[in-house]
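What follows is a short report on a single structure.
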Protein chains: 2
Amino acid sequence: MTDTRTDLSKSQNAYLWLKERIASQEFTPGYRLVLGSIAGELDMSVVPVREAIRQLEAEGLVTFERNVGARVSMVDDTQYRHSMQALSILEGAATALAARQLTTDDIAIARAINGHMIETLDHFDPRAFTTLNREFHAVLFAKTANPRLLELVESEWGRLGNLRDSTFSFVPGRAQESVREHEGILSLIETGASLGDIEAAARRHRSATLDAYLTHEHPGESLGLLTL
Amino acid sequence: MTDTRTDLSKSQNAYLWLKERIASQEFTPGYRLVLGSIAGELDMSVVPVREAIRQLEAEGLVTFERNVGARVSMVDDTQYRHSMQALSILEGAATALAARQLTTDDIAIARAINGHMIETLDHFDPRAFTTLNREFHAVLFAKTANPRLLELVESEWGRLGNLRDSTFSFVPGRAQESVREHEGILSLIETGASLGDIEAAARRHRSATLDAYLTHEHPGESLGLLTL
DNA sequence: ATATCCGAAATCGTATACGATGAATGTGCG
DNA sequence: CGCACATTCATCGTATACGATTTCGGATAT
């Protein structure tokens with residue numbers, strides 16, 4: 001069942017394998033990455049595993065402590081907010097930069113996805129909702145004029161380990177609000193609104209998710225949205 | 001003369017050493033990083049060197065090709081634009097997020113630095129100008145409410161290898177324009193302008209540097225500034 | 001002269017080995 | 001009973017070794 005691709009180096013395989021485990025929350029923040037065990041699991045020596053972990057470290061997914069080992073990074077609440085805010089900025093810009101490239105077909109696809117999201121609202125499944133949500137935004141980003149922004153967005157999502165995204169969706173009413181905002185962004189794009197307006201809307205959309213979480217979990221507290 | 005810090009692991013030392021060489025342009029884009037040579041130079045085996053290079057790869061400073069080796073990443077013009085644009089977005093946001101935290105003292109310091117920049121305009125030294133320029137923005141960012149943004153900015157600067165920054169400054173008239181824009185940003189902050197205005201100004205400031213370069217090197221071409 | 005093939009050298013990717021360091025456990029003393 | 005210290009164990013960090021792959025140069029054929 002090992003889906004290791006032989007056309008990749010072992011260290012690359014280890015890298016992907018670990019990344020997957022972290023993203024899928026099999027390895028949760030704080031989880032200790034023992035070189036020997038992982039190497040055994042993947043049927044390789046420790047050397048490529050170490051390389052893989054170093055790469056993950058450079059991306060911020062893993063923290064090393066000398067002579068102690070590596071563990072999946074803990075993102076405390078503060079870091080979480082900062083990453084989310086950075087994400088809102090990056091995604092907002094990416095959306096705006098893609099807006100002009102989107103065809104009516106693209107918009108139709110996005111709208112269809114949003115339709116599915118609305119359907120799920122009855123028998124609410126946060127995981128499905130989250131998946132659809134990412135698909136929705138993927139469509140919007142797909143034709144961005146700046147692929148580098150996409151890399152940054154992806155990397156930042158990895159950093160967050162999409163860990164709490166599902167819990168986010170649980171904030172009462174936020175899901176409904178979210179799909180409404182999606183529709184709002186789509187119509188802004190359709191009607192040829194200014195890039196500034198589109199960017200602001202897309203940014204607010206992500207910020208609002210975080211803000212809803214903050215005010216819900218820590219009543220009275222708020223991110224203080226970047227007003228753009 | 002080896003300033004290797006013994007409190008760091010060898011791989012960390014190799015990482016820093018390489019990063020320095022790349023930043024200082026001793027290793028220019030395309031330069032081949034031969035494991036054995038570097039290991040010899042640093043008096044260590046190849047293993048830590050490989051780890052270091054993997055980290056740099058994750059940051060985008062180095063590119064690996066299987067069974068061939070690693071070389072310092074080539075940033076072609078397109079990638080360069082995209083990174084610069086991403087940078088303008090990140091720096092714009094970082095500036096806005098720091099604006100409200102800046103004291104009159106901070107602004108005075110920034111203004112003093114900008115003053116030095118103006119002085120250098122007579123006997124124009126692009127390297128000194130660039131250094132001062134980064135200092136200026138460092139002051140503005142220093143108190144940002146979002147340190148994660150700073151990390152992203154730093155990382156993106158590393159990616160660009162601050163390679164062509166000096167050539168940028170050579171675009172006729174851009175240096176003068178730049179210091180004027182600095183002053184403009186400072187007064188926006190002083191007068192308590194909206195964060196949106198500040199962000200837009202800061203973003204435009206960086207974009208304009210790129211745009212000046214593009215229209216100068218490739219006449220008729222332009223980035224098409226994100227209008228924010 | 002140019003192209004093609006072959007062998008040598010260079011370099012990479014990974015396994016194994018081992019000293020070094022930190023954590024865990026046990027032991028003796030207050 | 002609890003704490004200081006010694007000992008053992010787990011794990012890390014790095015050196016060395018070696019097969020695998022690519023690159024390079026020269027010999028041969030066209």
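Hydrogens, waters and symmetry mates are skipped; everything else that's a heavy atom, side chains included, is used. Chain naming here is simple, since letters A, B, ... match the order of the sequence lines and numbering starts at 1 in each. Just so we're clear, the structure is a prediction, and the values are computed from it rather than from any experiment.
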Salt bridge or not for A/E51 and B/R50, using N-O below 4.0 Å? yes
Atom CD in A/E65, atom CZ in A/R71: separation rounded to 0.5 Å? 7.5 Å
When rounded to the nearest 0.5 Å, the distance separating NE2 of B/H137 from CD1 of B/I185 is 6.0 Å
Is it true that B/E154 and B/R134 have a side-chain N and a carboxylate O under 4.0 angstrom from each other? yes
Rounded to the nearest angstrom, tell me the gap between atom CZ in A/R71 and atom C1' in C/dG22. 13 Å
Correct closest heavy-atom pair for A/S73 and A/G60 would be OG-O, 3.0 Å
Check ion pair B/R203-A/E199 (N to O, under 4.0 angstrom): yes
Counting primed atoms plus P, OP1 and OP2 as sugar-phosphate and everything else as base, spell out the protein contacts along nucleotides 7-12 of chain D at 4.0 Å heavy-atom distance: B, S or - for each nucleotide, 5' to 3'. ----SS
Nearest-Å distance, CZ (A/R54) to C1' (C/dG13)? 18 Å
Atom-pair distance (CD on A/Q12; P on C/dC12), nearest Å: 16 Å
Rounded distance in Å - CD1 (B/I53) to C1' (C/dC12): 11 Å
Starting from C1' on C/dG13, measure out to CD on B/E51 and report it in whole angstrom. 14 Å
Gap between atoms NZ and C1', on A/K10 and C/dT16 respectively (whole Å): 13 Å
